[in-house]
Amino acid sequence: MKEGIGIFLWKLSVALYLIANGVIGLTKGGGDFKTILVDAMSLPPVIMQIVAVIALVAGIAILLEMFNIQFPFLNTLILIIAIIWAIYVVIGLISWISNTGSVDFWYMLQRLAVHVMVLGSLLIASKRFG
């Protein structure tokens, strides 16, 4: 392993996160992609399923790249998911700002931080912004 344990664990966690969300989106019709695309953006569930497939493939590709099997389309797949996530973060911020009296500040800050960490991890994984 060329990279340190921190990079290895970071890549592993991003890959597992994408795989898990892909599987949940395809088999259970839920997870983060339902929250982002269907609930927050009011898109049809078929869009969620397409993104779930992209996430699943990207997660598997990240795992395989950890073993030096390269995928030329990986950066594009991850970038698509990162763009969706960025839109979701912006929608979340707008919602949070417009409803400041009805939500718990610390809970919303914690949720925002989690989604910004996911977005940052996706941008780093895309190798275009990392």
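All residue numbers refer to positions in the sequence shown, counting from 1. These numbers come from the heavy atoms of this one structure, side chains and all, not from hydrogens, waters or symmetry mates.
Annotation: ring pair (Phe, Tyr, Trp, His ring centres under 6.0 Å) contacts of Tyr107 (sequence neighbours excluded): none. Taking Leu16 as the reference, Leu12 meet the side-chain contact (heavy atoms from CB on, under 4.5 Å) condition, with sequence neighbours excluded. Take Val57 and apply the side-chain contact (heavy atoms from CB on, under 4.5 Å) test, not counting sequence neighbours, and it matches Val53, Phe73, Leu77. For Pro72, there are no side-chain contact (heavy atoms from CB on, under 4.5 Å) partners at least two apart in sequence or on another chain. Judged as a side-chain contact (heavy atoms from CB on, under 4.5 Å), and not counting sequence neighbours, the contacts of Ile94 are Val90. The side-chain hydrogen bond (donor to acceptor under 3.5 Å, both in side chains) test applied to Tyr88 returns no partner, not counting sequence neighbours.
Closest heavy-atom contact between Ala52 and Leu26: CB-CG, 3.9 Å.
To the nearest 0.5 angstrom, Ile81 atom CD1 is 11.0 Å from Thr76 atom OG1. Interatomic distance, His115 NE2 to Ile91 CD1, rounded to the nearest 0.5 Å: 12.0 Å. How far CG of Leu79 is from CG of Leu74: 10.5 Å, rounded to the nearest 0.5 Å.
Ile78 pairs in a side-chain contact (heavy atoms from CB on, under 4.5 Å) with only one of the listed residues (Val14, Ile62, Leu123), which is Ile62. Between Leu37 and the options Ile50, Ile84, Ile87, a side-chain contact (heavy atoms from CB on, under 4.5 Å) holds for only Ile84.
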Kindly indicate, with the supporting measurements, whether the criterion side-chain contact (heavy atoms from CB on, under 4.5 Å) is fulfilled by Ile36 and Val51.
CA-CA 11 Å; Ile36 293 169; Val51 173; over 6 Å; no
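Between Phe33 and Trp85, the ring-plane angle classifies as perpendicular under the 30° and 60° cut-offs.
A single hydrophobic cluster is not seen to contain both Met117 and Tyr17; linkage of ILVMFWY side chains at heavy-atom distances under 4.5 Å, directly or through other members, places them apart. Residue Ile7 is not grouped with residue Met66 when hydrophobic side chains (ILVMFWY) are merged at heavy-atom distances under 4.5 angstrom, including chains of intermediate members. Note: the hydrophobic cluster containing Ile124 does not contain Val114 (ILVMFWY, side chain heavy atoms under 4.5 Å, direct or indirect links).
Listed by first and then second residue, the side chain to side chain donor-acceptor pair (under 3.5 Å) pairs involving residues 37-65 are Lys34-Asp39, Glu65-Lys127 (not counting sequence neighbours). For residues 43-64, the set of pairs meeting the salt bridge (charged side-chain N to carboxylate O under 4.0 Å, His left out) definition, not counting sequence neighbours, is empty. A salt bridge (charged side-chain N to carboxylate O under 4.0 Å, His left out) check over residues 78-88, counting only residues at least two apart or in different chains, returns nothing. Pairs of residues two or more places apart, or lying in two chains, never qualify as salt bridge (charged side-chain N to carboxylate O under 4.0 Å, His left out) while including a residue from residues 77-98. Applying the salt bridge (charged side-chain N to carboxylate O under 4.0 Å, His left out) definition to pairs two or more places apart or across chains, none involves residues 105-125.
Asp32 is not listed as a side-chain neighbour of Val118, based on a closest heavy-atom distance of 4.5 Å or more. Considering only heavy atoms from C-beta on, Leu122 comes within 4.5 Å of Leu18 through its side chain.
In this structure, Ile24 stands alone, with no Ile, Leu, Val, Met, Phe, Trp or Tyr side-chain heavy atom under 4.5 Å from its own, directly or through other members.
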